[in-house]
Amino acid sequence: MNKKSFGNRLIAAPYLVWAAIFVIVPLLMMAYFAFTDNSGAFTLSNMAQIGKYRKAFGVSVLYALAATVITLLISYPMAYFMTKMKVSSQRMIMIIVMLPMWMNFLIRTYSWISILANTGIINTFLKWIGLKPLHLINTPGAVILGMVYDFVPYMILPIYSVMSKIDNSLLEAAADLGSNAFSRLRRVIIPLSMPGVISGITMVFVPSVSTFYISQKLGGNKNWLIGDAIEYLFGAGPEYYNVASAISLILMILILLCLAVMNRFSSDDEGGVII
Amino acid sequence: MFKKITALFLLAAIICTALSGCGYEYADDLELSREYSREFAGSELNVYNWGEYISDGSDDMLDVNREFEKLTGIHVNYTTFESNESMYSQLKSGGVSYDIIIPSDYMIERLKNEDMLTKIDVSSLKNYGYIYDEYKNLFYDENNEYSVPYNVGMVGIIYNPTLIGEPEQSWRTLWDEKYRDMSLNFSNPRDGFMTAQMILGQDLNTTNKSDWKAAADLLKEGKDVLQSYVMDEIYGKMETGEAAIGPYYAGDYLTMLDNNEDLKFFYPKEGTNIFVDAICVPKSVKHLDAAMLYIDFLLEPRIALDNAEYIGYASPNRAVVENPDYYYYGNEILYPQPQDTPPVQYYHDIDPEIRKYYENLWIDLKLY
């Protein structure tokens, strides 16, 4: 590993430059904005203002956790049954899972309005068959549903790709040694698919916790999630860039903390997730 | 092999159609009141305007930008913004240079005070005479040195009588428990505060912090009753009957009416906000001469007519308002008679400290 040739380094150089310009520099800028005022002088006042956003932080994490758990409950069995199917069916289902991702995220969210609204598809149908309409839109449930729908492919794909690589002979061996179906699942499949689960959780939780548009459209825009607050502040003018950066910085730290806690729960050999 | 080539051709055809823009047919009878020189042909003009705020060739109307391009050979880079504040943010960050912007009155005042506008000589505009005098020399540009009025409008309340009958003609209806989960309010602070300020009988431009606090408290009180805070989403919500009552700009009501003829409209008795959106040239201008051509083009009777019909807002242009063929000719909502006009107030640019104060109150309102 330490014998990297000059040629290898030369090939890696553009990527390093890219990462430095588009990842490291923006992060440093965000940190700089978070600790300065409009004139560029050092200040902690942005951080001091974070207090009033604590509830928005809390609710965002809570919604994101709920969305992640639901996504996992949907995705894990789905990925499992996919691996049991014929290859051609697997491909078909893969396309169906990916298909919504070809559409713009805003349109996908917007179409949920016309499904969940009081005058939407579900309630029109309920009224038509003589049932009482349900209050679906502008509720926390609608927001979490929006998150689940938008991010579910990011959970299915990694779990599926890890699961489909599990060697069938391992399962046969477990069966030979007397494991029933349940204990094969518990002692072979689940441990071996953990890396996929962990990266799925990361890929759903992180965008959910910082999401903005979904909560505004499906949640009534009365109470902001933290992503909505950041979006609003950046739109409100340059004098709010500093506070918005401070919130973004705290949000990043919060996400890192959540992922660190999660990594603790996964065993170290398989849970090699990159955060 | 043949299949692959066919697929390639099809792909190329799709891309070409997508890029060429659905075959807009240029008007062959475009009557104009002046000559437009082609001396700036090949140059580029960056125009920054509100969304849905120029006739774009739909519904057999003119595509204003493309007609201008055809006439002058100047290429128009047209981009849109969704609020005065985001426009200001963009302008201030200096990432892009614009030649034409169309902000509202109070924002023009701020841009002028912060020396972000270029002076323009309105006497060099051949069509400036079409603008009504009542929209000249306004507070944001007392000597007509920076702006040319584009649209004017007032805020009112749209409601659906089939759902809620006839409400009291007051801003208080938005607080009314009777309309729980059926009423909307603005999701931008200035207009949102206005609805409460009108109930409290305040000056919309008050610099008294306790006034803003009182308005914020009133808004907080009404938050629970509301279905949601919206901007352009109000279109869908009112047209489908998802919401029954909400405040918006008079011109937009007329657009909604085309899609749901049940909708009705009133100006609340407490009074309302009046605004002027006007064409300005920012300091970052690269082609002032081309920009002046563009402004004069927007004032052309035929162009202004199509814009007024497309946008649906009231026009400050006499060639439009006095044209009997104008779709909204004599419309009582856009052009109310003096006795039907509510007491109106303009927004002014507010001292940054007060602005920050009320913006933070607004943030508090939106947090849990």
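Order of the sequence lines sets the chain letters (A, B, ...), proteins ahead of strands, with each chain counted from 1.
A tilted orientation is assigned to the rings of Trp362(B) and Phe193(B), their planes being inclined by 30° to 60°. Ring planes of Trp224(A) and Tyr232(A): tilted class, angle from 30 to 60°. Classified by interplanar angle (parallel below 30°, tilted 30° to 60°, perpendicular above 60°), the ring pair Trp112(A)/Tyr149(A) is perpendicular. A parallel orientation is assigned to the rings of Tyr98(B) and Tyr48(B), their planes being inclined by less than 30° (bins at 30° and 60°).
The parts of Asn360(B) that come within reach of chain A are both its backbone and its side chain, each placing non-hydrogen atoms under 4.5 angstrom from that chain. When heavy atoms are compared at a cutoff of 4.5 Å, Ile363(B) approaches chain A by way of both its backbone and its side chain. Both the backbone and the side chain of Asn118(A) come within contact range of chain B, each with at least one heavy atom under 4.5 Å from a heavy atom of that chain. Heavy-atom distances place both the backbone and the side chain of Tyr229(B) under 4.5 Å from chain A. Neither the backbone nor the side chain of Gln216(A) comes within contact range of chain B; no heavy atom of the residue lies under 4.5 Å from a heavy atom of that chain. When heavy atoms are compared at a cutoff of 4.5 Å, Lys366(B) approaches chain A by way of both its backbone and its side chain. In this structure, no portion of Val243(A) lies under 4.5 Å from any heavy atom of chain B. Within the 4.5 angstrom heavy-atom criterion, only side-chain atoms of Leu233(A), from C-beta onward, approach chain B. Interface remark: Phe234(A) contributes backbone atoms only to the contact with chain B (heavy atom separation under 4.5 Å).
Of the listed residues (Lys92(B), Gln227(B), Lys237(B)), the greatest number of heavy-atom pairs within a distance under 4.5 Å of chain A belongs to Gln227(B). Counting heavy-atom pairs under 4.5 Å between each of Ala117(A), Gly120(A), Gly237(A), Ala56(A) and chain B puts Ala117(A) at the top. Of the listed residues (Gly236(B), Ala243(B), Pro189(B), Pro352(B)), the one with the most heavy-atom contacts under 4.5 Å to chain A is Pro189(B). Heavy-atom pairs under 4.5 Å with chain B were tallied for Gly220(A), Gly219(A), Ser114(A); the largest tally goes to Gly220(A).
For an aromatic pair to be called close, the ring centres must be under 6.0 Å apart, and Tyr346(B) with Tyr140(B) fails this. Under the 6.0 Å cut-off for aromatic ring centres, Trp212(B) and Tyr357(B) do not qualify, their centroids lying 6.0 Å or more apart.
The side-chain heavy atoms of Leu117(B) and Ile101(B), taken from C-beta on, include a pair separated by under 4.5 Å. The shortest distance between side-chain heavy atoms of Tyr146(B) and Glu109(B) does not fall below 4.5 Å.
For the residue pair Asp277(B) and Tyr53(B), a side-chain donor N or O sits within less than 3.5 Å of a side-chain acceptor on the partner.
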